[in-house]
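In what follows, a structure is listed as structure tokens, so that the remarks can point back to it.
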Amino acid sequence: MGKWFGRIALIVGFISAVIGIVVYVNDEVRARLFPDLAPATRADVQEQMRLSEERIVSVVQASVSAALTNAQAQGTDFSGDERNNYEAALTSLLASEDPTFNDAKFLALSGQTEAAADELVTMAELTSGDADPIPERDRASLLRSAGDILVPSDPEKALATYRKAQELDPDNQILATRIQQLSAQTAAANQVAAIPNAQFEFDGLLFEFEGCENSEKLNCVLSVTNTTPDEKHLFTRSVWAVDEHSRWMRDARRNVRASSHYTWNVPSLEASQIDFTFGRTANILQYLTFDLHVDNVSYKKTFRDVAVRGGRDVQVRQMRPIDPSYPDRAFSVSGVQFHFLGCSNPDAPVCRFDLLNTGSEMAVINVRSDVAYDHSSRAIESFLPELDISGDNRGEVPPGITTGWTVNFRKPSSFFQEYRASFEVNGNRITRSYRDLPLGDGPMPEIKTLDAAAVFGPDGYFEAGGVEFAFMGCTDTLKPVCRTDVRNTTDAYVKVSAGRAEGTHDGRQEVRSANAVVLMNNDFSGEIPPGLTTTIEHRFSPEVGTFDTLDIRYSAGDQRESRSFSAVPVQ
């Protein structure tokens, strides 16, 4: 960011001068912040802004204390995570030696942290003349820092700042989490309405769902009355719910007040209440189902969109839109709608899916490890994903519920030539492939290709089973490696195998390859996606200067091929 910082320094210089005068005048504040320095003049501003680590810690802690006091006075929460974010953003600002940040630093040092955050927002939005625009991710980073500083003083303003940052960096999950958490905190309290069909009868017992409320944890209450002249045996089983984030919740405790147990022999005309306690709080229950047994007969009752007393009026999880340039990224399978949201993060690639069960029954989803092929045609396998709704690779999705999953890869890559996703819907395996996915903002990498003009000898290029083969010669005299580039020219995956290679050298001395691998997956065989190029390597152990003869075997699909070469130098 140094390039654009330097260019906008002149623009903000006037502001710096004004603030410098204010700081000069405010001797008391300066004396408190810089007890061992004379009041600031414009000449020594830069030197005074090189704060020691101890002074930064002191200023940050004083600011945190003030922020906590301010939040308490406003009756707002300032969580431990928000405090950590605030400290990190303020420390980063004060520790910066870039003079472009001096204005924001002066404001923070004088106790005006909200104004300092506003200055960061101004910097993120600043464009002038023919100057290069600030990179979007750098602008998003400034806005996120500004939001972190604004949270205790103005949560709604902080939320708006986070959303500006998300517009610039939509795949940033840190921002998404900040927005999700702060949205819940700033939302209005739930307006709890009457629950439709709250009363229901089962085998002589009259039930009424009285709703749910947050205390330290979520608690739901179901009343029960025996309207018959006979005793009834009531047995309560697990209660399941799906919260506003589309995560399954299971009750941690069930208790019938009359029996202090999860069962009750209900006397005639007796009534009580049943408490169902969960392990965490929620704002809205998109789905809530009670599993009840009366005299060994089971019954399930489901409620939808229950507003929790003591919760916030938040938006439940919705499907995120696909890039309209790629309509094939939206598809449906067996009543389940899917959105492929693309891939990002070249350091450790991440691909994301959303889904919505549009059917009338539970949808059972299984997700698997996926495979991607980078710019050099190397296969990269992902970790086993987990569904958001279940925290496992398998999950049941109720009708009308939106959820999704994230696929994380092991190795860095700036480009996917192909990404192949695999999952199951109600036991049916589905495979979807996507091509040419850039993962970052950097330049386009050089894609591995087959160069037929660079082959060794007149027989070095040939075709078999819809695959092009190009023998590229051998290198490394100490441990020779002979390479053959292969390209799949078909529109389907083709399995290619590397057979053994053998030859002679130094007066007809025989030699055989120690091993052979398809570099795409570092195995002796591999399926090559349509259009991709990879390399087969035959590796030898003894030292060889020139192969007098060299015979190599290959296969593509069901077709086998062998090629013989003579006088092959090892470069």
Side-chain angles (χ1 to χ4, degrees), residues 1-9 11-20 22-23 26 29-30 32-34 37 40 44-68 70-71 78 81-126 134-155 157-162 164-165 168-169 172 174-175 178 182:
M1 293 192 294
K3 179 180 179 181
W4 61 265
F5 276 155
R7 293 191 177 185
I8 66 174
I11 300 173
V12 298
F14 175 74
I15 301 174
S16 299
V18 172
I19 296 174
V22 172
V23 173
N26 193 349
V29 173
R30 296 298 298 173
R32 177 170 54 86
L33 295 174
F34 301 99
L37 296 176
D44 63 7
V45 161
Q46 186 174 1
E47 183 64 29
Q48 292 190 12
M49 290 306 290
R50 293 195 181 102
L51 303 176
S52 68
E53 182 177 346
E54 292 78 8
R55 180 160 292 143
I56 291 174
V57 170
S58 175
V59 172
V60 169
Q61 292 307 312
S63 184
V64 168
S65 297
L68 283 169
N70 180 62
F78 191 30
D81 286 342
E82 289 169 342
R83 172 175 175 161
N84 292 337
N85 298 338
Y86 181 93
E87 288 181 345
L90 193 56
T91 300
S92 177
L93 171 61
L94 295 174
S96 173
E97 294 187 1
D98 191 318
T100 311
F101 286 101
N102 279 355
D103 299 318
K105 289 173 69 174
F106 272 129
L107 292 167
L109 286 166
S110 60
Q112 302 178 68
T113 52
E114 185 174 353
D118 290 340
E119 177 65 21
L120 295 181
V121 173
T122 299
M123 292 169 62
E125 297 176 342
L126 184 64
I134 302 170
E136 288 191 348
R137 287 192 177 179
D138 292 341
R139 293 167 59 196
S141 179
L142 284 176
L143 289 168
R144 191 181 86 186
S145 294
D148 290 345
I149 294 172
L150 287 168
V151 165
S153 59
D154 195 336
K157 191 174 182 180
L159 183 60
T161 304
Y162 285 150
K164 288 181 182 179
L168 300 171
D169 192 4
N172 192 310
I174 295 176
L175 276 170
R178 298 272 210 281
L182 197 55

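- For Asp169, the side chain to side chain donor-acceptor pair (under 3.5 Å) test picks out Asn172, with sequence neighbours left out.
- Partners of Ala146 according to the side chain to side chain contact (heavy atoms under 4.5 Å, CB included) rule, which considers only residues two or more places apart in sequence or in another chain, are Ala117, Leu120, Val121, Thr161.
- Taken from CG in Leu175 to NZ in Lys164, the straight-line distance is 14.0 Å, to the nearest 0.5 Å.
- Residue Ala108 comes nearest to Ala116 through the heavy atom pair N-CB, 3.9 Å, listed as atom of the first residue, atom of the second, then distance.
- A side-chain donor-acceptor contact under 3.5 Å links Asp98 and Thr100.
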message: One pair to check against side-chain contact (heavy atoms from CB on, under 4.5 Å): Ile149 and Glu114. What are the steps and the verdict?
response: CA-CA 7 Å; Ile149 294 172; Glu114 185 174 353; over 6 Å; no
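- Proximity of a side-chain donor or acceptor of Ser145 to a complementary backbone N or O of Ser141 within less than 3.5 Å is detected.
- Interatomic distance, Met123 CE to Leu142 CG, rounded to the nearest 0.5 Å: 5.5 Å.
- Of all non-hydrogen atoms in Ala158 and Gly147, the two that sit nearest each other are CB-O, 3.4 Å.
- Considering only residues two or more places apart in sequence or on other chains, Ser63 meets the side chain to side chain donor-acceptor pair (under 3.5 Å) condition with Tyr86.
- A side-chain contact (heavy atoms from CB on, under 4.5 Å) with Glu119 is found for exactly one of Leu93, Asp103, Asn102, namely Asp103.
- Rounding to the nearest 0.5 Å gives a distance of 9.0 Å between CD1 of Ile56 and CD of Glu54.
- Under the salt bridge (charged side-chain N to carboxylate O under 4.0 Å, His left out) criterion, Arg178 pairs with Asp148, not counting sequence neighbours.
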task: Let me see the working for Asn85 and Val151 under side-chain contact (heavy atoms from CB on, under 4.5 Å), right down to the final yes or no.
output: CA-CA 9 Å; Asn85 298 338; Val151 165; over 6 Å; no
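- Once rounded to the nearest 0.5 Å, the distance linking CG of Leu109 with CZ of Arg55 reads 9.0 Å.
- Judged purely by atom type and a 3.5 angstrom limit, Ser153 uses its side chain to pair as donor or acceptor with the backbone of Leu150.
- Heavy-atom minimum distance, Ala115 versus Leu107: O-CD1, 3.6 Å.
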message: Apply side-chain contact (heavy atoms from CB on, under 4.5 Å) to residues Leu68 and Arg83 and explain how you reach the verdict.
response: CA-CA 9 Å; Leu68 283 169; Arg83 172 175 175 161; 3.7 Å; yes
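- With sequence neighbours excluded, no residue forms a salt bridge (charged side-chain N to carboxylate O under 4.0 Å, His left out) with Glu82.
- With sequence neighbours excluded, the residues satisfying salt bridge (charged side-chain N to carboxylate O under 4.0 Å, His left out) with Asp118 are Lys157.
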